[in-house]
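Data first, discussion second: the structure below is written as structure tokens.
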Amino acid sequence: MFAPVSPQVSFPSLDAKILAQWEEQKIFQRVAEREGPPFVFYEGPPTANGMPHAGHVLTRVMKDVFLRYRSMCGYRVPRRAGWDTHGLPVEVEVEKELGINGRAAIAEYGVEAFSKKCIDSVFRYIGEWRKMTNRIGFWVDLDDAYVTFHKRYVESEWWALKRLFDEGLLYQDYKVVWWWAQGGTALSSGEVGQGYKEVDDPSVMVRFPVKGHEGTSFLAWTTTPWTLPSNVALAVKADASYATVKLEDETKPGSAWVGAEYVAPFDYAKPEGGPAHRVIAAAFVELGSGSGMVHLAPAFGEDDFRACKAEGLGFLQLVQPDGTFPPEVTDFAGRFCKEADRDIIRLLKKKGLLFKEEVYRHEYPFSWRRMSDPLIQYARTSWFIKTTREIHRAQENNQAVNWEPSHIKDGRFGQFLAGNVDWALSRERFWGTPLPIWINDVTGKRVAVGSAAEILEKNPNAFDHFHAAKAKDPSLAEDLMVHKPWIDEVTWTVPGEEGVYRRVPEVIDCWFDSGCMPFAQLGYPHHNKEEFEKTFPADFITEAVDQTRGWFYSLMMISTLLFEKEGYPHPFRNCVVLGLLTDEKGLKYSKSLKNYTDPLKLMDDFGGDAVRWALYTNTVPGQNTRFFEGAVRDAAREFLLKVWNVYSFFVTYANLYEKDAPWTPEHARPALAERSDLDRWVLAELDFTVRKVREELDGYTAHQAVKRITSFVDALSNWYVRRSRSRFWAEGDAADKQAAFATLYEVLVELSRLVAPFVPFVAEAMHGNLCSPEGLSRAGRLAEATAHASVHLAPFPAADDARRDDALRESVALARQLVTAGNRVRNEAKLKVRQPLGEAIVVVASDDERAAIERFSDAIREELNVVSLSFTTEPAKYVDFQLLPNFPKLGPRLGKELPLCKKLLGEADGSKLHAELSASGTITVTLPSGPVVLGPEELQVRLQAKEGFAAASEAGRVVVLDTHVTPELRKMGLAREVTSKIQRVRKDRDLPYDARIVVTWDAEGELAEALFEHGPSIAAEVLAVRFERGANANAERSDVDGAPLGVHVALA
RNA sequence: GGGGCACUAGCUCAGGUGGUUAGAGCGCACCCCUGAUAAGGGUGAGGUCGCUAGUUCGAGUCUAGCGUGCCCCA
């Protein structure tokens, strides 16, 4: 027999049991090791230096559902975890922990010790991540995770960087960054965003005398007077009008001034590398504020830098990295740039160059780690990847990717590629992949290296410093060999060449790390060449939308640059872009706001499956979703419990099949053709659902698949089980009972497999009980039993043409619509379902519908509690007909005359038209252009119940109820009332389902008549072995519609 | 400032290729069932589909503009 299943279930404790079972039986390993065609998945590496939240849970369960699905479909699905370990966020965490700030402080603390601290920090929350990952049922191999700081991984990146370098794609140039002068470091945009505050800055309008136009000056506006000594150019908007006032009253377009030269306000030094002090045109010039002319200092502004570079102008940077003016700025040498603003203005005034001065209140960024330190925009030399050279290839590659949602391709991602700028790769930091470029300190010759082995060829003693350190401290990780500070000790000389090769000081952007994972996770090309070729490109990746410019970009860009011979797309074919999870107000989850519930708490309260199902049902790719506890609670209640109830119902009655003989899978299963319509219907619905779910999952739209499953479960529970209930304890028709058990069993087994990728715990629990190895082997299906130790090793349900029956599905849908309409009639007429009625009359528009309905006449009669169901021959008596054009058909044919046609049909006597249509097959409408003959397929018939009948219409069908209650019907109603009362007594006394009873009743008149007449059926219904009239002192007294009744129930 | 996405019932959300009665769940109201029972079910109310123009015989759906919100970037 099946293990008993209680309808009261605790999903969280179920999870625990299943997790233990998986662990014990090594189910994940068995799934992972199965043979089959590969389905390649790449895990986007998270950083485990913070607590995971529901957003991380979402990406994990979305990965899991497609991977489990593919496994069940027979693919071999590698599931390797990964960790992103480098980067500024890690360094900042450590700085906070150590209570230090800035580069100097880190150098003082010691780069070696600092790097070690970074490693510790990266894995600080790895325990929480593991726990969350395991708890939610995300199967991924955490023990064999790739880690971006590992030596092998770094060497793969070096290989990639060397290739880029050798192809001329890696170059050095200036980049304007937000610079924290006091800390000696650039800040990331995230950090800059945290440090804005409102301040008053001077705002000055400065005169720039025009060369060759005596007495004329350009006026330009700036809020950073300290950048004026470094002025290189002025920018105009080419198509705006510029006025020359006082002397000449004329206007010229900005373009007319382009090329004009002027005298810069200061001449401490000359810009280098090109001409300067002339007017150029730039698109970013705005007319909203200032004079329409913009002062450009390329050393201190991103736009300035780009515009001047594009014009081939020179460069001048008269502020030192520590924020002070250099000696050549004689008036202000050694002073902090921003603090000199006032004196600069004073000097301008003295020179007669100040036109106007104001105070400007705006938001300005400061160092979030010391809010008194203003940031400045500052050009630093940086290493770049020349992505712009190959961007067309990336764009072509992008076109071949299947994005879900599709608008990402030409929207967010496509637009981003279109506006591509070269990738600023280097970081002046400590904890990152070192840039593998060495420069000869005499000749300036540059060399990139692709591995540690390559270095050793140049200098066998290159890593001696590291080995010495390791000898002193054996705990030193081998991986740190390729990191700062040791890598900076690596030098070499080349025979016959003067000078020593020393590494550049920079490390690289950690996005480059994660973007290399397709090959770096395998150590390619130094290791695993074959394995790499087998797992490239990925079939599927998914992350949240914030990765568009992050991981998705770095993956694609790097792959495009390195693997130019590979056919597009690569390195991923399908990419599901998830929306962000937000709180109830629509705000992004954030650590600082603490606006989310710990996902582990939700799992502990409602179970992993509830969290998973809530995420599948409530999120759509690309769309932000408000996610809160309520959704999880609903998922448990609305879906999981419904499934569980059906399952529990089945198991309960299977175990009560016959006295001491439960129903088991060994029982004979009637052939499909021998089963009832109802059985074949539910199997047809299942088949339909299976087809659709496969389609949706193949197309990476899990949210649609989930809808299909939800509506199937609803149909199963609300129609199949409800309509079939009594078949499961029937005693008469053994064949039908067998069919019912066989059908529900088959449905539940397949359902458990169908939902397994989504709700792996509940699925496993159901499947384990329904298809237990013991049960299967007793049923003579030993092979299956061994293979299916887990639902996740079982095959995903497949379409079955034998079960398919769309006509049957339509019929039942029709019958259910009629029941809905009939229920509405009863509701409106205040006629309880308990009171039988004589007749339901159905009006339909076609004979096909009539046949379809007659097939389910029994069900409809029972649901509506009517004695007979009939089809009227005089529809006009009950309904009005209305004819409407069939718009999709007639639209193209009639065009502009369609509204008139609709109007004429509406004004005509619909019932007459309908009669004509039924008789002759056509009707004729006279339009201005002439008479038009319309056939049935060009028209739609609408029925409306006439006033005065208990009737309701539903989707073009009308149900009329005969509300006359005859004495006979009334007695039937009374009998049902009594049945209901006796059932209640059974329930109140908590009698077992199959307990037989003896009923003694006491009533007079009409009620007594009813009980004599319907006694046998009541007795059968309530499992009474005797149902007799008689007085009993202990009888329960009540009244039925005014008549007194005494009922006594005793165990037989 | 640039790019992207969204705006549909009180709430959370669905609504291929335009087709004239716009759907679901929750919540709410009324009711039923009592052999899935600390469950289950029925019916109903509730929407000028953000606004304004346009294209079209016909627009929630296409186009343009505007508004609001969010995300990414500056």
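Just so it is clear, the structure is predicted and the values come from calculations on it, not from any experiment.
To the nearest angstrom, C1' of G19(B) lies 13 Å from CG of Leu894(A). Atom CG of Leu417(A) and atom P of G4(B) are 13 Å apart (whole Å). The separation between Lys896(A) atom NZ and U56(B) atom C1' is 8 Å, rounded to whole Å.
Here Thr820(A) does not reach the OP1 or OP2 of G42(B): none of its side-chain N or O atoms lies under 4.0 Å away.
Distances were taken from every side-chain heavy atom of Gln704(A) (C-beta onward) to each of A38(B), G15(B), C72(B); the shortest belongs to G15(B).
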Would you mind building the protein contact string for nucleotides 26-36 of chain B? One character per nucleotide, 5' to 3', B for base within reach (heavy atoms under 4.0 Å), S for sugar-phosphate only, - for untouched. SS----SSSBB
Kindly give the atom pairs (protein nitrogen or oxygen, nucleotide nitrogen or oxygen) under 3.5 Å for nucleotides 66-70 of chain B.
unit_1: C70(B); atom_1: O2'; unit_2: Asn624(A); atom_2: ND2; d: 2.9

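Side chains of Asn402(A) and Tyr700(A): no donor on one and acceptor on the other come within 3.5 Å.
Where RNA chain B pairs in unbroken runs of 3 or more (Watson-Crick or G-U, both distances under 3.5 Å), the stems are B:1-7 with B:67-73, B:10-13 with B:23-26, B:28-32 with B:40-44, B:50-54 with B:62-66.
For Asn865(A), the side-chain contact (heavy atoms from CB on, under 4.5 Å) partners at least two apart in sequence or on another chain are Arg826(A), Val833(A), Pro836(A), Arg976(A). For Arg306(A), the side-chain contact (heavy atoms from CB on, under 4.5 Å) criterion is met by Glu302(A), Val421(A), not counting sequence neighbours.
Using a 4.0 Å cut-off between charged nitrogen and carboxylate oxygen, Arg722(A) and Glu863(A) count as a salt-bridge pair. Salt-bridge formation is detected for the pair Glu862(A)/Arg723(A): a Lys NZ or Arg NE/NH1/NH2 atom is positioned less than 4.0 Å from an Asp or Glu carboxylate oxygen.
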Exercise answer: donor-acceptor pairs, residues 408-417 of chain A side-chain atoms, under 3.5 Å, sequence neighbours excluded:
unit_1: Lys409(A); atom_1: NZ; unit_2: Gln399(A); atom_2: O; d: 2.9
unit_1: Lys409(A); atom_1: NZ; unit_2: Val401(A); atom_2: O; d: 3.2
unit_1: Asp410(A); atom_1: OD1; unit_2: Gln399(A); atom_2: NE2; d: 3.0

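Only the P atoms considered, A6(B) is 10 Å distant from C62(B), to the nearest whole Å.
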